[in-house]
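One structure is given here, and the rest of the page talks about it.
In what follows, chains carry the letters A, B, and so on, assigned in the order in which the sequence lines appear, proteins first and then strands, with residues in each chain numbered from 1.
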Amino acid sequence: MNLSTIKQNGKMVISVKEPRVDAHNSAELKDRILKILEGGERNLVVDLEEVEFIDSSGLGALLSGYKNANLRSSGFALSGLRPRVRSMFELTRLHRVFDIYPKLQEATSS
Amino acid sequence: MSEVMMNVDIVVPNQTRYLRLVGNIAEQVAREVDVTDRDRETLAYHLNLVLTEAMANAIEYSRPDGDGETVKVCLSIENCDLWIRVFDNGQGFDLNAVPTPDFDNLTERGRGIFFIRSLMDSVEYRRTDAGNVLEMRKHLH
């Protein structure tokens with residue numbers, strides 16, 4: 001999975017550089033987020049601006065990140081959700097769980 | 001007997017790397033359907049999602065020694081209905097035993113069948129002599 005990471009305003013931004021997050025690559029997304037947390041990083045922002053499609057396993061990978069971040073008292077936010085990707089969060093009520101920002105800049109300056 | 005207006009059969013190895021290909025074919029089928037443009041793009045996304053979930057399920061439930069096995073997917077438009085059938089040769093599962101997700105319980109799994117049930121008009125899973133089939137119908141008009 002193609003991800004980029006950069007530190008911005010004290011937050012670790014993980015940008016998903018894939019048009020699809022599905023059962024083929026979601027396990028890797030889950031592992032990469034966990035490794036970043038295990039490496040000691042806190043206050044994660046996962047930017048999904050380039051993601052056009054997400055399935056239930058992709059939502060599961062992000063939920064895993066959220067729970068692992070909570071266990072470590074780390075922030076965990078999402079940004080850049082496209083309308084159809086956001087609609088998947090809404091259908092499963094997960095938009096109530098995650099801290100979601102329209103743009104990455106808003107997530108890093110919050 | 002209903003009239004078959006379009007029929008697309010796809011056979012791919014039972015590997016997740018083919019989810020994108022099959023999902024994209026479903027989107028293209030949606031673009032051939034007689035609905036408004038706004039509905040068409042939503043339908044395309046939904047068919048991509050439903051087929052991705054169904055195929056990932058078929059791969060997961062295929063035989064553990066299933067190297068070299070395939071997943072067969074059939075998309076068809078019959079009168080005013082779009083049918084998606086996903087075949088597998090695994091041990092199968094009980095669709096009726098799959099619960100609606102508990103939205104307060106943040107489990108990482110268990111939303112795939114919920115997506116399919118939410119976005120399609122009917123869903124059935126049947127065991128046949130030729131294998132199992134997950135059959136999903138969407139009314140188009």
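- Considering OG1 of Thr107(B) and CG of Leu63(A), their distance stands at 7.5 Å, rounded to 0.5 Å.
- Top candidate by heavy-atom pairs under 4.5 Å with chain B, chosen from His24(A), Met88(A), Arg96(A), Lys30(A), is His24(A).
- In this structure, Trp83(B) is not a member of the same hydrophobic cluster as Val33(B), with clusters built from ILVMFWY side-chain heavy atoms closer than 4.5 Å.
- A donor-acceptor distance shorter than 3.5 angstrom exists from the side chain of Lys67(A) to the backbone of Leu106(B), with no hydrogens or angles considered.
- Under a hydrophobic clustering in which Ile, Leu, Val, Met, Phe, Trp and Tyr are joined whenever their side-chain heavy atoms come within less than 4.5 Å, directly or via other members, Ile54(A) and Tyr101(A) fall into different clusters.
- Listed for the Glu53(B) side chain is a donor-acceptor partner under 3.5 Å among the backbone atoms of Ser56(A).
- The closest side-chain heavy-atom distance from Arg93(A) to Asp104(B) is not below 4.5 Å.
- Considering CZ of Arg109(B) and OG of Ser64(A), their distance stands at 12.5 Å, rounded to 0.5 Å.
- Applying the 6.0 Å contact sphere to NZ of Lys103(A) captures no more than 12 heavy atoms from other residues, nucleotides or ligands.
- Here the closest non-hydrogen pair linking Thr52(B) and Phe53(A) is OG1-CZ, 3.5 Å.
- Asp22(A) places none of its side-chain heavy atoms less than 4.5 Å from the side chain of Thr16(B).
- Val85(A) has its side chain within reach of Tyr45(B): a pair of non-hydrogen atoms, C-beta onward, lies under 4.5 Å apart.
- No donor-acceptor contact under 3.5 angstrom links the side chains of Arg20(B) and Asn25(A), judged on distance only.
- Within 6.0 Å of atom CD in Gln8(A), more than 12 heavy atoms from other residues, nucleotides or ligands are found, so the atom counts as buried in its surroundings.
- Criterion: ILVMFWY side-chain heavy atoms under 4.5 Å apart, direct or through other members. Under it, Val97(A) and Leu78(A) are part of a common hydrophobic cluster.
- The side-chain heavy atoms of Glu108(B) and Leu59(A), taken from C-beta on, include no pair separated by under 4.5 Å.
- Glu41(B) and Arg84(A) are not joined by a salt bridge, as no carboxylate oxygen comes within less than 4.0 angstrom of a charged side-chain nitrogen.
- Here the side chains of Leu119(B) and Leu91(A) are in contact, with some heavy-atom distance below 4.5 Å.
- Under the 4.5 Å side-chain heavy-atom criterion for grouping Ile, Leu, Val, Met, Phe, Trp and Tyr, Ile84(B) is not connected to Val133(B) through any hydrophobic cluster.
- Linking ILVMFWY residues whenever their side-chain heavy atoms come closer than 4.5 Å, directly or via other members, places Leu49(B) and Val123(B) in the same cluster.
- Phe115(B) places a side-chain heavy atom less than 4.5 Å from the side chain of Thr92(A).
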Quiz item: So Arg20(A) and Asn24(B), side-chain hydrogen bond (donor to acceptor under 3.5 Å, both in side chains) or not? Walk me through it.
Solution: CA-CA 11 Å; Arg20(A) 269 179 81 94; Asn24(B) 286 345; 4.6 Å; no
